[in-house]
**Student:** 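Input: one structure, supplied below.
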Amino acid sequence: MMSPRPSASAAPEGGGGASTSRSVPTARSTPLQVIHILGNFARIWSVYSLYNYLSSSGDSMVGFIFSCLVPASVIFLALQKPWKGRPLPNTQVVPTVINGGILALYFVLWGKGLLACGPLVALLAEYAGAVLGVLSAALYGRKVNIWKKIGGLAAMLVAYYLLGNGWATRTHSPLYSFGSESLEKGTQVIGMKEMVVPLTAGILSALRRVLARRVSLKNQLKRRLHAINVASATCFLFPFAMWDTILGSASDSIVKLQFPSWVYLSTVLFGMVLIFYVDNVAEEKLHLVFSSPRHLMVSTGCIIVLEILYKMDFSLLGFLLCSVILGFGIFEATSLERSKKSPLEAHELSNGSFHNQLPISALPS
């Protein structure tokens, strides 16, 4: 007589517990989503400030980035203290140091692409790393929806082709643009040849994140290794910064870079330090990786606000069209059999990470 009662009462409790467990993470994730949006807005704001400063001053881009990496690496090393705690094995330190070379090359190409193409194109080109999802499907035997991935890659190429031909600018967009005020200075058509530099930087950025995840999946250890990664990138970038600053700059940038400014501080704090922790929390708690349509949607909103505030050559409808096509391409290029994959696995692979298909026994996690 007593056995039916626990089962009868357990059913409502189980149902209530399930509903509570579904609602609580949503309520808890709301502050994290706000932090993610504000963190990305601050980072994109620093990119626009950096572009306006360097495009008008003529200072060395590589020299400026190097001068920002120095304090950023000091901050990461001071916060994470990779020399304390459990010793890091060489199988993790050596790939991280090598990954620092990729990070340094990414900064060089990203800076050149920023000056050549502008902040809007440079920011959207960072999502080109989603092509690694197509590459992993083609090379490592993941034949799930291969034609959808190829179609997504084609959509991404169309989006970048439209961006390169000025569809996001009022000067060259065939679509109607809000705002009747005249432009002080129109922009030139970028072209796909110039788009190669920021697109390559975006692919390198995604490759760097993939390699970092291969070395360690543990969040705390990943932060310690990131401090080594940034310090290594600073060392790799030093000779290029000296060469570019001395021979490639038209101004006395060595003297100017010694004085802190809003551009300098925002690039260090928002563009390098804060954004790492914001993206790290978003990936761990919200399962929101960089090369994903959700992340692109956040960046799109921030870019629209800053394009209007800085009074750039901007076509709202043209930009939205390019963003929608790009988001669709990323969604298709990183598509999985979602019924067979957990949400966490889907988000990890949507970043273009093909490391799960490779033998990782030699790299402890």
Side-chain angles (χ1 to χ4, degrees), residues 37 40-61 64-65 107 109-128 155-202 205 250-251 261-263 266-267 270-271 295-330:
I37 294 175
N40 277 273
F41 181 82
R43 188 256 171 172
I44 295 176
W45 187 10
S46 70
V47 173
Y48 275 83
S49 301
L50 177 62
Y51 173 76
N52 279 355
Y53 170 74
L54 292 179
S55 60
S56 59
S57 66
D59 288 348
S60 167
M61 165 62 79
F64 188 90
I65 293 179
F107 275 122
L109 295 179
W110 180 84
K112 299 296 184 181
L114 176 64
L115 288 180
C117 304
L120 186 150
V121 174
L123 289 169
L124 290 187
E126 293 178 341
Y127 294 91
M156 293 176 61
L157 293 177
V158 170
Y160 288 127
Y161 175 80
L162 296 180
L163 287 172
N165 283 272
W167 279 54
T169 63
R170 290 179 57 192
T171 306
H172 304 286
S173 177
L175 301 178
Y176 174 78
S177 177
F178 295 103
S180 58
E181 65 276 4
S182 59
L183 293 173
E184 296 180 359
K185 182 180 179 181
T187 58
Q188 300 292 330
V189 174
I190 300 173
M192 290 304 296
K193 184 177 180 180
E194 287 75 13
M195 289 283 293
V196 172
V197 175
L199 292 178
T200 305
S205 178
S251 63
S261 61
W262 161 251
V263 178
S266 64
T267 303
F270 299 149
H295 198 287
L296 175 62
M297 182 173 61
V298 174
S299 298
T300 298
C302 298
I303 290 174
I304 291 175
V305 173
L306 290 170
E307 285 281 328
I308 296 176
L309 290 179
Y310 278 86
K311 298 180 179 180
M312 307 291 284
D313 186 4
F314 179 62
S315 170
L316 178 60
L317 293 181
F319 173 69
L320 289 177
L321 175 63
C322 296
S323 298
V324 169
I325 297 176
L326 180 60
F328 173 78
I330 293 174

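Any value given below was found using the heavy atoms of this structure, including those in side chains, with hydrogens, waters and symmetry copies removed. Small disclaimer: the values here were computed from a predicted structure and weren't measured.
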**Student:** What distance do Phe64 atom CZ and Asp59 atom CG have between them, rounded to the nearest 0.5 Å?
**Tutor:** 8.0 Å
**Student:** Answer yes or no: is there a side-chain heavy-atom contact under 4.5 Å between Tyr48 and Glu307?
**Tutor:** yes
**Student:** Step by step, would you call Leu296 with Leu124 a side-chain contact (heavy atoms from CB on, under 4.5 Å)?
**Tutor:** CA-CA 8 Å; Leu296 175 62; Leu124 290 187; 3.7 Å; yes
**Student:** Between Ser49 and Val263, does the side-chain contact (heavy atoms from CB on, under 4.5 Å) criterion hold? Intermediate values first, please.
**Tutor:** CA-CA 6 Å; Ser49 301; Val263 178; 4.2 Å; yes
**Student:** Dump the intermediate steps for side chain to side chain donor-acceptor pair (under 3.5 Å) on Ser261 and Tyr53, then the final yes or no.
**Tutor:** CA-CA 10 Å; Ser261 61; Tyr53 170 74; 5.9 Å; no
**Student:** Quick one: does any side-chain atom of Ser205 pair with a main-chain N or O of Ala201 as donor and acceptor, under 3.5 Å?
**Tutor:** no
**Student:** Just verifying a value: how many Å separate Glu126 CD and His295 NE2, rounded to the nearest 0.5 Å?
**Tutor:** 9.0 Å
**Student:** Can you find a heavy atom in the side chain of Pro119 that is under 4.5 Å from one in the side chain of Leu114?
**Tutor:**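 Counting from C-beta outward, Pro119 and Leu114 do come under 4.5 Å.
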**Student:** State whether the side chain of Asp313 and the backbone N or O of Thr171 hold a donor-acceptor pair below 3.5 Å, judged by distance alone.
**Tutor:**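 Side chain of Asp313 to backbone of Thr171, a donor-acceptor pair under 3.5 Å: yes, one is there.
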**Student:** Just so I know, are the side chains of Ile304 and Phe314 near enough to count as touching, which here means a heavy-atom distance under 4.5 Å?
**Tutor:** yes
**Student:** With rounding to the nearest 0.5 Å, note down the distance linking CG in Asn40 to CD1 in Ile303.
**Tutor:**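 Spacing of CG (Asn40) from CD1 (Ile303) equals 10.0 Å.
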**Student:** Working to the nearest 0.5 angstrom, can you tell me the gap between Met297 CE and Ile330 CD1?
**Tutor:**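 Met297 atom CE to Ile330 atom CD1 measures 12.0 Å (nearest 0.5 Å).
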**Student:** If you count every heavy atom of other residues, nucleotides or ligands that lies below 6.0 Å from Phe328 atom CZ, does the total exceed 12?
**Tutor:** no
**Student:** Is a side-chain donor or acceptor of Ser46 paired with a backbone partner of Arg43 at a separation under 3.5 angstrom?
**Tutor:** yes
**Student:** Do Ile44 and Phe270 touch side chain to side chain, with heavy atoms closer than 4.5 Å?
**Tutor:**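 Contact flag for Ile44/Phe270 side chains = no.
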**Student:** Below 30° counts as parallel, above 60° as perpendicular, anything between as tilted: where do the rings of Trp45 and Trp262 land?
**Tutor:** tilted
**Student:** My understanding is that only residues two or more places apart in sequence, or in another chain, count here; which of them pass ring-ring contact (aromatic ring centres under 6.0 Å, His included) with Trp167?
**Tutor:**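 Testing Trp167 for ring-ring contact (aromatic ring centres under 6.0 Å, His included), a comparison that skips the adjacent residues, returns none.
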**Student:** Is there side-chain contact between Ile190 and Leu163, with heavy atoms separated by less than 4.5 Å?
**Tutor:**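 Sidechains of Leu163 and Ile190: no contact.
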**Student:** Just how far is it from atom OH of Tyr51 to atom SG of Cys117, taken to the nearest 0.5 Å?
**Tutor:**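 That separation rounds to 9.5 Å.
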**Student:** How long is the straight-line distance from OG1 of Thr300 back to CG of Leu326, given to the nearest 0.5 Å?
**Tutor:** 8.0 Å
**Student:** Would a distance-only check, ignoring hydrogens and angles, find a side-chain to backbone donor-acceptor pair under 3.5 Å from Tyr160 to Leu199?
**Tutor:**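 Checked: no pair found.
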